[in-house]
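Accompanying notes for the structure given below.
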There are 2 protein chains.
Amino acid sequence: MNWDDLRIFLAVVRSGSVRAAANALGVNHSTVSRRIDAFEKKLEVRLFERLPTGYLTTAEGEDMLQGAQRIEAEYAALDRRVVGRDARLTGLVRVTMPGALATLLLIPDLARFTEAYPDIEIELDASYKVADLSRREADVAIRLTNDPPDRLVGRRLLKFAKAIYASHTYLARRARVGEPPSFSWISWDDPSSGPQWAQNSPYPKAPIRHRVGDPAALLAAVKADMGIAMLPCFMGDAEPSLRRLAAADPVHGRDLWLLTHEDLRRTARIRKFLDFMADAILRHRDLLEGRRPQPETMPARPAAGSAAPK
Amino acid sequence: MNWDDLRIFLAVVRSGSVRAAANALGVNHSTVSRRIDAFEKKLEVRLFERLPTGYLTTAEGEDMLQGAQRIEAEYAALDRRVVGRDARLTGLVRVTMPGALATLLLIPDLARFTEAYPDIEIELDASYKVADLSRREADVAIRLTNDPPDRLVGRRLLKFAKAIYASHTYLARRARVGEPPSFSWISWDDPSSGPQWAQNSPYPKAPIRHRVGDPAALLAAVKADMGIAMLPCFMGDAEPSLRRLAAADPVHGRDLWLLTHEDLRRTARIRKFLDFMADAILRHRDLLEGRRPQPETMPARPAAGSAAPK
DNA sequence: TCATAGCGGTGCATTTTTGCACCGATTTTT
DNA sequence: AAAAATCGGTGCAAAAATGCACCGCTATGA
């Protein structure tokens with residue numbers, strides 16, 4: 001058996017089509033089609049049904065899946081073992097972090113790192129997908145969580161702050177002195193927020209009028225006077241045209257972690273990257289923890305009472 | 001990582017050279033050389049030192065070995081799982097058995113099996129190497145043992161008999177009536193026999209004059225009047241020119257087993273083969289258990305006492 | 001000492017694998 | 001209903017892998 005066939009097999013099982021698998025594998029879709037055909041011929045087993053919408057794994061294919069996954073896990077462990085012993089400051093570091101954090105804050109720090117270590121390459125995944133570090137989908141994760149996975153090691157750097165923001169223009173129009181504010185929410189489709197977060201907010205009566213799935217777009221919407229929104233403080237406080245509402249302290253829902261896999265923590269280039277980025281992020285600590293608000297130019301009073309959502 | 005690289009790596013570690021590995025893998029030695037070079041370049045690790053006498057695994061290569069072996073074991077299990085579900089009476093069955101048993105007894109039975117099942121192919125390994133059935137070096141083992149491995153399933157068919165034989169001509173020359181016999185031993189270089197077996201035999205004073213490493217050659221040497229030897233009864237009793245000495249019962253050292261791997265026992269073609277060969281071997285039971293001695297034409301008296309070796 | 005047998009490595013030809021471009025079918029979106 | 005986007009599959013050219021034949025080196029055996 002050519003052992004590489006299983007790698008193709010797994011990609012197709014997971015992706016559901018030869019084209020998606022080809023994308024994941026970085027090869028042409030015709031290659032995947034032919035590799036699966038050859039693999040089935042060799043085993044004399046039908047692994048997939050060919051449908052117009054893609055490949056459907058057969059019962060025999062399902063039957064191979066657990067064994068294939070164990071093999072994949074072993075390859076990943078071997079790979080980490082090899083990479084883990086690399087003492088050189090050269091090579092690739094794969095990094096995953098929230099896109100907004102990258103784009104609006106940390107890209108200059110990444111740039112400084114690559115200048116300091118010209119033989120290290122960064123591959124940045126800012127897609128919000130949760131990378132599997134055991135399979136080296138990423139080597140380092142900068143992640144917002146209160147529950148880091150057991151297999152990962154790293155540092156809890158700081159408490160990540162959010163607050164409610166609006167534009168000056170919006171406030172001038174919607175929050176006149178002596179009148180209750182007539183705000184509406186722009187919400188972020190964030191699965192980690194429950195459906196009641198607006199009701200638990202300082203503006204429970206404000207309706208959710210817009211929904212935006214991308215944090216950068218959310219920021220743009222607030223700046224465009226479309227409503228109020230809960231934004232990370234590093235985003236909101238960096239914009240002169242925006243103002244915090246609810247003069248109370250911002251909320252600290254989750255922590256910001258800097259994580260890698262146990263097997264990679266001694267990899268020289270990864271250690272350097274971790275140390276460098278810990279340092280860089282801690283220099284942004286006040287901004288990230290919400291201690292750099294814009295000076296108030298037009299105060300707004302929130303409704304009495306309720307704590308803001310996480 | 002191209003997962004097939006590990007298969008090449010393992011073969012080289014085990015074989016000690018690219019040429020031996022190429023033989024084991026069934027490819028050209030230049031392919032192995034290039035594959036290892038490419039693998040090392042990809043990992044940026046030196047796995048082997050190149051010596052004039054072959055490849056020597058480096059510390060980094062040794063470090064990968066256990067992981068690689070686990071991966072190999074998983075592939076083997078997957079392979080068995082796939083083969084184990086094969087309900088057709090077609091395909092290859094790999095069989096291992098002692099060469100002498102094949103050549104001098106069971107080849108006609110194998111021939112009858114392949115006539116009965118024309119779509120099943122037999123690959124016979126009669127090399128005396130102990131095949132690893134978990135890696136499908138063989139699917140079926142006909143094996144002399146008193147300690148079958150736990151992972152294998154099968155039947156203990158019969159007690160395998162050996163006895164001391166000489167040619168008629170030899171006996172006429174060396175065992176005259178009224179005189180102590182002046183025999184010498186031809187021994188088989190069998191690591192499973194201790195060094196004292198001759199002293200524990202009925203002819204402890206007979207010196208070991210010859211050593212022969214191949215059972216077929218041992219038989220030929222006895223027929224050529226070179227001495228006496230312990231032979232399997234199915235060999236000795238089938239030769240009219242030979243006679244048993246020590247008229248006592250032959251010795252039954254080990255049992256004859258018919259074995260396969262647990263995962264393959266439901267493979268249709270393997271079940272058929274096992275049933276067929278069990279039947280065939282049991283039809284040879286009397287011969288294999290030593291109950292078909294040639295009629296004595298010139299009896300010889302052994303020294304009093306000692307049991308024969310296993 | 002010399003012949004033989006083993007070894008690793010490589011140029012070139014052959015074979016195999018892969019990518020490209022395209023096809024037709026089906027599903028989804030406008 | 002039509003356009004667009006997805007899908008699986010395939011002919012042909014390009015790229016990669018492999019085999020063949022050979023080289024030079026070292027170790028072993030006669």
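Quick note on labels: first sequence line is chain A, next is B, and so on, each numbered from 1. Small disclaimer: the values here were computed from a predicted structure and weren't measured.
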D125(B) and R94(B) ion-paired at < 4.0 Å: no
Return the value, rounded to whole Å, for the distance between atom CG of L25(A) and atom P of dT18(C). 11 Å
List the residues meeting salt bridge (Lys or Arg N to Asp or Glu O under 4.0 Å) with E74(A), not counting sequence neighbours, and say none if there are none. R70(B)
Sequence neighbours excluded, every pair satisfying ring-ring contact (aromatic ring centres under 6.0 Å, His included) that has a member inside residues 4-29 of chain A: F9(A)-F48(A)
Nearest-angstrom distance from the residue atom NZ of K41(A) to P of dT16(C): 13 Å
Distance in angstrom units between D37(B) CG and dG8(C) P, rounded: 11 Å
Output the rounded distance in Å from CG (D4(A)) to P (dA17(D)). 11 Å
Taking only N and O in the side chain of Y55(B), is any of them less than 4.0 Å away from OP1 or OP2 of dG9(C)? yes
Could you give the CD-to-C1' distance, from E49(B) to dC7(C), as a whole number of Å? 15 Å
Which nucleotide wins on minimum distance to the side chain of S33(B), given the candidates dC7(C), dG8(D), dG9(C)? dG9(C)
Look at atom CD of Q66(A) and say whether more than 12 heavy atoms of other residues, nucleotides or ligands are closer to it than 6.0 Å. no
Take atom CG of N23(B) and atom C1' of dT18(D), then tell me their distance rounded to the nearest Å. 16 Å
What integer distance in Å separates I36(A):CD1 from dT10(D):C1'? 17 Å
Using a 4.0 Å cut-off on protein heavy atoms (strictly under), produce a 5'-to-3' string for nucleotides 20-26 of chain C with B for base contact, S for backbone-only sugar-phosphate contact, and - for none. BB----S
Please report, rounded to the nearest Å, how far the P atom of dG9(C) is from the CG atom of L51(B). 10 Å
Is any side-chain N of the basic residue among D263(A) and R81(A) closer than 4.0 Å to the acidic one's carboxylate O? no
Does R14(A) CZ have over 12 foreign heavy atoms under 6.0 Å away? yes
If we only count heavy atoms from C-beta on, is the R143(B) to L133(B) side-chain gap below 4.5 Å? yes
May I ask you to verify if any side-chain N or O of T31(B) is less than 4.0 angstrom from the OP1 or OP2 atom of dG19(D)? yes
